[in-house]
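First the structure, in the form of structure tokens, and then the observations on it.
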Amino acid sequence: MKIDEISSPELRGGQNDLHSQPCSQIESSIKDIEKHVPGTALPDSFSTDLRRSISQLNFLSPYPNSIKLHIWKLSYRLWNACVDLSNAAGFKTSGHKIDEEHAKLRQVSADLLFLASDVSGIPSPAFKSASFFYKTGLIWHDLRKFEHANYCFEKATDLLSKVEISTISENEEKRFLLDLNIARSRTAWEVSDRNLAVALLSRSKSVLFAVAENYKALANQYLIFGKAILSKNEVSGVNEALRLMNDALELCERGLTVVKRTEDTLALKELRSKTLRFLAAVHLQRDEFESVLKCVKVLRDGEKDQHPSLSVLAMKAWLGLRRFGEAEKELRGMVVDKGIPEGVWVSAVESYFQVVGAAGAATVKGVFLGLLGRCHVSASAAIRVVSKVLGDPAGAGEETRLRAKVVSDLVSDDRILTLLSGEDTSRERTAMHALLWNCAAEHFRSKDFQTSAEIFEKSLLYNPSDIESRNLRAKGFRVLCLCYMGLSQLDRAQEYINEAEKLEPNIASTFLKFKIYLQKNECDGSISQLQAMPSRLDFTTEFLSLAAHEAIVCRCHPVTVASLSLLLNFYPTGKQMPTTEVVVFRTLVTTLSQGPQNDSDILKQMKRAHTRLSELGADKFFGKGEIGRRERNWFSVNAWNSGVKTGQEDQHALSAEFFRLASEFYGASIDEEKEGNHVMVCKSLIMTVSAIISDERQRKSTLLENEVKEAISLLDRAGKMLMSSSTEYDKLEAIIEPNLLFMYTWCAFDLYSRIDDTGSQQLLLIKRFANSKSCNPKYLLQIGIDASQGPRSNHEVATFALSTCLSTLLASSSPDYESVALILRKLVSLRSIHGADSNDDATMETYKQAYRIMVGLKEGEYPVEEAKWLAMTAWNRAAIPVRMGNMDEAKRWMSMGLELAKKVPGMQTYRSCMEDFVAGF
């Protein structure tokens, strides 16, 4: 049944009269629209008048069902008028774009229908209303008014959010759910909200309803998004494009499992082939050549796809894998394939030769070898030919490497070797060796280790094997070792250095073996070579320093630590050292800091450095002037930072040691300073004591008496450094941060509590802190809580700290009532325990103070649970006076509880019972 065919009662009488005027205005505007000449511009007065009438109608909700039916008819009438105007203007056939005024009218129709979306008597009203918003959103999307489009799609989504998917039976409604999600996703994509767009597509997977066409539509949208990202050629977007296309491929596969019609099968297979081609292109951008070939194979074998792009993709993949033979086959196949455009073929050829160009130089190599093959003359002539072919070995580029390769083949030829092997050709042999050595050295300097190694090896052919030349041969083996180390062929490099060490064992060979073990990440082998270095006759400590640098570059921390530790052993001997001792310590500590769980080793080396500092003095250990101060500050700051780090990791014992070391380093004097950084010494001492107390709590043990006294002495030392008398407390505030001043006060309070007869001293300490500028309510609350609990509680300190904190919080422009409530609860508990039970006026005053605080507050501003607690405990306090017959006291507490209950939302029932009880009492 159509909407227009549904009968509705006449609009008359009672509430219907209220709706008649806006409905009549809407109907009048619709009549004007129906009379509008198609093809002419729509005036904005139509949408404006309709919006005004809808606003009036909106204020009159809710509507009776008869009004809702009338609204539905008006909405459909307006919508149909818009459709007629569109059709008459030829928007669909001529390609003309719907203007914004037309879209606004569609929007008005959708909003009008939304007013009565819950009308009874109409099947699936939510779907019908949502469809208006969906179609309007599509129009706004075409107009690139994405905010309006998104509004419509969200409205449609909200309308359908309460519809149970399992109850949907109509195919049109099933497809509508999918189309809505996809349309909303497209709009989100247009405004660069990719995450939402992809999330909406993912959400659409739940509304496919095992319909092949739905799988195709969703997969196609995934593919469109992936292609859009891929077209931007952004490196960061390749992974996202790959994920989207994989989702599209998965949907195609799932769709093929539910397909029923042949045409659906063909459509899904075509989309799957298209997706696979784009997947191959993505893999090619990611240099995943094997994956490209797998995609091509699937397309050719399974899908029987002969798309022209497959040959290009396959050829580039073979080139990426350096499989030039297969790439050439693909290239030849492209030439035969007439379906490939000429531009694509030319581009493929360029790509091929761009990669295979070096291999194509074999022809040039043959020419050169042919030229050199005619040099069957004297030895000096062979030298001249080799020199001519080499040209300038210092030049860079493929041609230089090609020349070197040709020379390598030539000088290893048996005919040339025989020509230069006689006793009368020793000069030419030496010249050939020098020529090859210099050529290899130039390639070595340009980092062309492969060519360099090849030429150095050929130079050994012209090196005599007599005893006089053994040093030169050892040098050649060491250089070859360096070449193969540069090529990361470490086993080959080790073979050469072993041969060099047989000929000439020295520190250079040992050091190269050390580097090989280091690059092979064999820490034990590297350390064994380190330990063997001092036994070499030509050993100097510079090699240990160089070994440490190499280990640092390789980030081999155990070897770095071993080399630096070994180097430190030579400083007390008085030998000339490559660098200062403090630099070695600094590097060692830095290296240890880069490894995991090295805090104990760092502390050990820091203590070792402090010992050397004590032996040498600050000027000799750190150095003088600005350099010395920088070194001292480095050790001080690192000791401090290590203390902070270990403290954060709950390693409080280590933290205390680090902070104590920090105080010693900060206190070191450079250039006969009167004192070091006394402020940081003070802070370090405070942190030391704090770490000691934290360690005690972590271990759940108790500090011994001598440990308590030592901790107190550290705090006293810190205090004496910053103030000479109790009247100079402001001086302390001006220098030390508030949190450290609080820590100082808290630690002193804790330690004084362990000594007999120090309650008054604790109270004086807290009062002095409370009067300081550094004090804030958070600190006082912490002190008050700590002082109110535990075996060493001090109720006087707790009461003072909490009361002062409460006063400070209430003086604030925006008090933290969570903290206020906590303080009031604590004060009630404290005064109850230490007061005179129910006759305690101080406790009553606390309740009254709580009541005064709650007066004038918004509902819920004061924590409800805390307010309930106050009301109930005040009421319950009347129980004892009632039993004792003290009715005045009981009534006083009941009145207090009742007054508090009146300020607590949610206690109406309790309050009624209380009032009844008081009235009967």
Side-chain angles (χ1 to χ4, degrees), residues 365 368-369 372-373 375 378-394 400-513 515-516 519:
K365 173 183 174 182
F368 275 107
L369 288 175
L372 295 175
C375 295
S378 63
S380 59
I383 298 298
R384 290 194 302 269
V385 170
V386 171
S387 178
K388 181 177 179 181
V389 172
L390 281 175
D392 183 10
T400 302
R401 288 190 288 273
L402 178 60
R403 287 171 176 264
K405 182 66 174 64
V406 170
V407 168
S408 175
D409 292 340
L410 176 64
V411 298
S412 60
D413 189 274
D414 290 339
R415 291 168 292 180
I416 301 297
L417 288 172
T418 303
L419 184 64
L420 297 176
S421 62
E423 295 182 359
D424 56 346
T425 58
S426 59
R427 289 181 57 187
E428 286 78 6
R429 200 163 44 246
T430 302
M432 181 68 80
H433 179 273
L435 191 63
L436 296 174
W437 183 277
N438 292 335
C439 174
E442 287 296 334
H443 284 282
F444 186 90
R445 279 188 281 272
S446 63
K447 307 295 185 183
D448 185 3
F449 299 118
Q450 184 64 53
T451 303
S452 178
E454 187 173 355
I455 302 301
F456 272 128
E457 286 176 342
K458 298 304 186 290
S459 72
L460 290 175
L461 297 174
Y462 299 92
N463 190 5
S465 56
D466 53 2
I467 297 177
E468 291 78 12
S469 302
R470 63 184 303 159
N471 290 341
L472 187 59
R473 291 206 308 278
K475 182 180 177 181
F477 287 136
R478 286 196 293 270
V479 172
L480 280 167
C481 171
L482 290 171
C483 290
Y484 285 106
M485 286 177 67
L487 293 169
S488 298
Q489 298 180 22
L490 301 179
D491 292 334
R492 187 87 175 269
Q494 191 166 8
E495 292 175 5
Y496 278 114
I497 200 59
N498 288 337
E499 292 298 322
E501 201 166 30
K502 291 177 185 178
L503 294 170
E504 187 185 29
N506 59 11
I507 186 65
S509 298
T510 305
F511 184 76
L512 285 175
K513 289 184 73 174
K515 287 191 63 174
I516 291 172
Q519 292 187 19

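Computation of the quantities below employed the complete heavy-atom set of this structure, encompassing side-chain atoms and omitting hydrogens, waters and symmetry-equivalent molecules.
The CZ atom of F456 sits 9.0 Å away from atom CG of L482, with the distance rounded to the nearest 0.5 Å. With rounding to the nearest 0.5 Å, the separation of CG in L436 from CD in E457 is 12.0 Å. Taking CG of N438 as the start and CD of E442 as the end, the distance is 7.5 Å to the nearest 0.5 Å.
Using a 4.5 Å cut-off on side-chain heavy atoms (C-beta onward), I455 and S408 make contact. Looking only at side-chain heavy atoms (C-beta outward), V479 and S452 stay at 4.5 Å or farther from each other. Contact of the F477 side chain with the L460 side chain is registered, since non-hydrogen atoms from C-beta on lie closer than 4.5 Å. Within the 4.5 Å cutoff, no side-chain heavy atoms of Q489 are placed close to those of E495. By the 4.5 Å heavy-atom criterion applied to side chains, M485 and Y496 are not counted as neighbours.
For the pair L480 and A453, the tightest heavy-atom approach, listed with the atom from each and the gap, is CD2-O, 3.4 Å. Closest approach of S509 and I497 over heavy atoms only: O-CG1, 3.8 Å. Between L461 and L417, the shortest heavy-atom distance links the atoms CB-CD2, 4.0 Å. Listed here is the closest heavy atom pair of F449 and C483: CB-O, 3.6 Å. Considering every non-hydrogen atom in both H433 and S459, the closest pair reads CD2-O, 3.1 Å.
Remark: K515 engages E550 in a salt bridge (charged side-chain N to carboxylate O under 4.0 Å, His left out) (not counting sequence neighbours).
For R429 (side chain) and Y462 (main-chain N/O), no donor-acceptor pair under 3.5 Å exists by modelled atom type. With hydrogens and angles disregarded, no donor-acceptor distance shorter than 3.5 Å links the side chain of S488 to the backbone of Y484. T430 contributes a side-chain N or O that, together with a main-chain N or O of S426, makes up a donor-acceptor pair within less than 3.5 Å.
In summary, of the residues considered (R478, R470, R473), a side-chain hydrogen bond (donor to acceptor under 3.5 Å, both in side chains) with E504 occurs for R478 alone.
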* To do: Any chance you could lay out the side chain to side chain contact (heavy atoms under 4.5 Å, CB included) test for N498 and K513, step after step, and finish with the verdict?
  => CA-CA 8 Å; N498 288 337; K513 289 184 73 174; 3.7 Å; yes

